[in-house]
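Lettering of chains follows the sequences in order, A, B, ..., and the numbering in each one begins at 1.
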Amino acid sequence: MVFEKGDKIFILVDCNNFYASCERVFNPALRGKPVVVLSNNDGCIVARSAEAKTLGLDMAAPVFKNRDLIGRHGIKVYSSNYVLYGDMSRRVMAILSRLAPEIEVYSIDEAFLSAVGMSARQLPDFGRYIHRAVQQQTGLTVSVGIAPTKTLAKVANHFAKRHEQHGGVLCLTDPAMIRDYLSRMPLAKIWGIGRRKARFFERQRIHNGLQLTAASDRWIKKYLTVMTLRTVWELRGISCIPLETVPAHKKGIGSSRSFGRDVSRLAEMEEAVAAYTARCAEKLRQQGLTAGHIQVFIATDAFKDGPYYENAAGNGISPPTAATPLLTARATDLLKSVFRPGLLYKRAGVMLLDLLPQVQVQADLFEHVYQNSRSQRLMETIDRYNRRTNSGKLMWAAEGMGKPWYMRQAHKSRRFTTRWDELAVAYA
DNA sequence: TCTGGGGTCCTAGGACCC
DNA sequence: TCTGGGGTCCTAGGACCC
């Protein structure tokens with residue numbers, strides 16, 4: 001049988017331990033050693049090499065609770081280096097785009113591919129070819145899961161990653177084989193079923209993927225959502241989630257961050273909010289969008305004893321804009337309306353909503369074009385400079401200079417692939 | 001001392017209308 | 001004695017994903 005347009009086959013390619021592997025590609029001294037990468041602010045563990053997993057470090061575990069383990073085993077610790085990971089991701093996606101006719105970049109480290117014009121017998125070979133190509137060209141190892149629905153491709157990928165005998169590639173097209181693997185698939189690991197729903201199913205004596213496929217549609221719709229029903233159909237082999245080769249337009253663009261230390265002064269808070277607004281506005285302009293609504297939120301430390309405060313305020317912006325100074329002025333006003341003196345704040349964020357393409361705004365609001373063009377040219381110039389020099393060197397004075405509230409990043413590696421002065425050095 | 005950030009989607013419930 | 005019901009829009013909150 002040959003898969004043609006209309007026949008569904010999905011190939012999920014997922015990088016193993018992506019962030020930790022990126023660190024290792026440029027630092028051979030890390031081969032075979034346990035490596036972990038931390039979240040922003042050096043708070044939690046967000047990526048672990050195979051060795052680190054074996055030592056018992058959990059995903060999303062706070063670092064401070066694992067200091068002992070990290071010290072005892074000489075585990076190498078890195079702050080997140082998104083410039084490096086983003087660039088490695090682009091390289092992987094470029095390779096995959098050349099290999100398959102259609103690609104959906106699903107996240108920084110995974111993509112779904114289609115397999116049009118290929119026979120069922122060729123699929124495993126194709127999977128192995130992808131595996132080899134990415135390995136040779138980037139030094140990163142991927143797992144490949146192949147199946148008739150996206151959710152089953154995720155299941156295949158799950159086993160390809162964990163069981164060495166598959167060599168990183170598992171093709172699930174045979175119904176008996178699918179049932180066999182589903183019977184060994186823990187519910188909480190199924191795409192779309194989180195911990196919460198898994199617990200619900202356990203109480204109903206449903207313990208694995210195969211049992212879930214046997215549940216009745218009526219029952220699922222009654223107690224859960226249509227989303228869960230879709231997941232169940234996908235597990236039964238009926239494809240409900242199509243390949244999205246064109247990225248959907250964003251509904252909101254946000255930037256939020258925990259502080260390196262508590263912030264209680266309004267002046268410092270204003271700097272942080274200005275900095276987050278500038279970041280959002282930059283992302284906005286990169287995508288050729290403007291925002292018609294802005295939201296600001298601030299929060300105290302949720303982990304501390306005592307009351308937790310989270311306050312948000314939002315407002316419409318007319319006409320919609322992508323100009324940093326305008327957005328910052330609105331954000332500052334909103335901040336003042338929710339800020340309470342005397343509280344120790346730990347986190348703040350800015351969210352831009354009601355996104356509208358820039359061209360549309362100009363067409364609709366003809367009379368504003370002239371007066372906006374100056375600020376638009378300024379924005380373009382700043383963005384171009386920062387992009388070209390790959391730094392955020394041009395910033396707004398409102399962001400402040402010292403940034404005493406800035407997040408901790410004590411273990412950052414170099415930007416090996418995007419900065420000449422940070423290239424890897426090979427010694428003869 | 002120390003616990004991420006950026007998204008999506010669905011549902012419930014209130015307001016409002018006819 | 002008697003107190004509708006259906007549609008729509010909005011928002012807040014929750015679950016989930018990576």
Side-chain angles (χ1 to χ4, degrees), chain A residues 12 14-19 36-47 57-68 70 77-82 85-86 89 104-112 150-151 154 157-158 187-201 220-231 240-241 244 247-262 276 279-280 283-284 287 293 295 297 299-305 308 310-314 316 344 346-355 407-411:
Chain A
L12 174 61
D14 182 319
C15 300
N16 296 353
N17 317 323
F18 183 56
Y19 297 168
V36 298
V37 178
L38 309 183
S39 62
N40 276 326
N41 231 355
D42 290 348
C44 293
I45 293 167
V46 293
L57 285 166
D58 291 330
M59 182 66 175
V63 186
F64 75 93
K65 287 189 180 171
N66 289 282
R67 288 254 182 261
D68 273 6
I70 290 169
V77 176
Y78 288 89
S79 305
S80 353
N81 185 342
Y82 287 108
Y85 311 150
S89 173
E104 171 186 343
V105 177
Y106 179 68
S107 77
I108 193 165
D109 74 333
E110 50 186 307
F112 288 100
K150 278 183 165 180
T151 308
K154 279 273 194 181
N157 195 286
H158 173 91
L187 290 170
K189 299 278 166 129
I190 293 172
W191 196 41
I193 310 282
R195 269 222 308 271
R196 188 74 190 242
K197 285 195 183 108
R199 267 209 305 277
F200 172 80
F201 285 129
I220 291 169
K221 237 174 128 175
K222 181 165 174 201
Y223 293 104
L224 298 140
T225 68
V226 290
M227 299 292 278
T228 312
L229 186 58
R230 201 177 66 170
T231 298
C240 310
I241 310 172
E244 313 258 8
H249 71 271
K250 277 205 187 5
K251 308 251 161 67
I253 289 177
S255 174
S256 69
R257 208 130 301 180
S258 299
F259 302 130
R261 61 153 169 77
D262 289 334
Y276 301 161
R279 287 232 47 220
C280 285
K283 288 194 231 173
L284 197 65
Q287 303 183 40
H293 195 96
Q295 244 175 46
F297 81 87
T300 59
D301 193 338
F303 290 97
K304 256 186 201 154
D305 290 339
Y308 170 67
E310 187 180 333
N311 294 95
L344 297 176
K346 181 64 182 172
R347 213 156 62 89
V350 175
M351 181 79 129
L352 302 178
L353 298 153
D354 291 355
L355 308 183
M407 63 182 175
R408 277 184 291 272
Q409 281 199 314
H411 314 280

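Taking the six-membered ring where the residue is Trp, A:Tyr223 and A:Phe200 present tilted rings, their angle falling between 30° and 60°. Using the six-membered ring where Trp is involved, A:Tyr82 and A:Tyr19 have ring planes that are perpendicular, over 60° apart on the 30 and 60° scheme.
Counting non-hydrogen atoms under 4.0 angstrom, A:Ser80 reaches nothing in the nucleic acid. Within the nucleic acid shown, A:Ile253 comes within 4.0 Å of sugar-phosphate atoms alone, with no base atom in reach, counting heavy atoms only. At the heavy-atom level, A:Asp301 lies nowhere under 4.0 Å from the strands shown. Within 4.0 Å (heavy atoms only), A:Asn41 reaches no atom of the nucleic acid at all. No contact: A:Arg67 has no heavy atom under 4.0 Å from any strand.
Look at the C1' atom in both C:dG4 and B:dC16: the space between them is 15 Å, to the nearest Å.
In the displayed structure, A:Arg261 atom CZ is contacted under 6.0 Å by more than 12 heavy atoms of other residues, nucleotides or ligands. Atom OH of A:Tyr308 sits in a crowded spot, with more than 12 heavy atoms from other residues, nucleotides or ligands closer than 6.0 Å.
Rounding to the nearest 0.5 Å gives a distance of 5.0 Å between CG of A:Asn66 and CD1 of A:Ile45. Of the inter-residue distances, the one linking A:Arg279 atom CZ with A:Ile253 atom CD1 reads 10.5 Å to the nearest 0.5 angstrom. Here OG1 of A:Thr228 is found 5.5 Å from CD1 of A:Ile193. Values are rounded to the nearest 0.5 Å.
Across the strands present, C:dG5 finds its partner in B:dC18; the criterion is a Watson-Crick or G-U wobble pair with both atom distances under 3.5 angstrom.
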Exercise. Can you check salt bridge (Lys or Arg N to Asp or Glu O under 4.0 Å) on A:Lys150 and A:Glu244, steps first, answer last?
Worked result: CA-CA 11 Å; A:Lys150 278 183 165 180; A:Glu244 313 258 8; 5.7 Å; no
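Place A:Lys346 and A:Leu224 on DNA chain B by their nearest nucleotides, and A:Lys346 ends up nearer the 5' end. Between A:Met407 and A:Met227, the residue anchored nearer the 5' end of DNA chain B, judged by the nucleotide with its closest heavy atom, is A:Met407.
You'll find the side chain of A:Asp262 reaches within 4.5 Å of the side chain of A:Lys304, heavy atoms only.
Less than 4.0 Å separates DNA chain B from no heavy atom of any residue of residues 189-196 of chain A.
Contact footprint of chain A on DNA chain B: nucleotides with an atom under 4.0 Å from a non-hydrogen protein atom, first to last in 5' to 3' order, B:dC2 to B:dT11.
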